[in-house]
Amino acid sequence: MSSQRKRLSGRLTKGARSLLLTTSDEHIWIVETLDVDQSLVGKNVIVDGIPTAADRIQADWIGQI
């Protein structure tokens, strides 16, 4: 996978094992992160990080829109 940074926006939800980001085009990303402000779950956010697979992103930063 490319090490090129990516900035995604969408709704952050909590899945059974990880955080999920659903974009406006209905693409679902698995968000890998060490820590997240739980108040962001269920809200529209921006995720900035590096894709590690076609549907995964290692987030460096997550913030509310």
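One-based numbering along the sequence shown. In this text the structure is predicted, and so the values were computed from the model without any measurement. Hydrogens, waters and symmetry mates play no part in the numbers below; they use all other heavy atoms, side chains included.
Rounding to the nearest 0.5 Å gives a distance of 10.0 Å between CG of Leu8 and CD1 of Ile46. Atom-to-atom distance recorded for Arg7:CZ and Ile57:CD1 is 10.5 Å, nearest 0.5 angstrom. Atom CD1 of Ile28 sits about 13.0 Å away from atom CZ of Arg11, to the nearest 0.5 Å. Between Leu12 atom CG and Lys43 atom NZ the span is 10.5 Å, to the nearest 0.5 Å. Rounded to the nearest 0.5 Å, atoms OG1 (Thr13) and CG (Leu19) are 8.0 Å apart. In this structure, Thr52 OG1 and Gln58 CD are separated by 6.5 Å, a value rounded to the nearest 0.5 Å.
The minimum heavy-atom distance between Pro51 and Trp29, with the atom names listed, is CB-CZ3, 4.4 Å. The two residues Val31 and Ala59 make their nearest non-hydrogen contact at CG1-CB, 3.8 Å.
Linking ILVMFWY side-chain heavy atoms closer than 4.5 Å, directly or via other members, places Trp61 and Ile65 in a single hydrophobic cluster. No single ILVMFWY cluster, assembled from side-chain heavy atoms under 4.5 Å apart, contains both Leu20 and Val45. Residues Ile30 and Val41 do not share a hydrophobic cluster, defined by chaining ILVMFWY side chains whose heavy atoms lie under 4.5 Å apart.
With contacts defined as side-chain heavy-atom distances shorter than 4.5 Å, the pair Ile62/Asp37 does not qualify.
No donor-acceptor distance shorter than 3.5 angstrom exists from the side chain of Thr22 to the backbone of Glu26, with no hydrogens or angles considered.
Classification of Lys6 and Asp48 as a salt-bridged pair fails, no side-chain N sitting under 4.0 Å from a carboxylate O.
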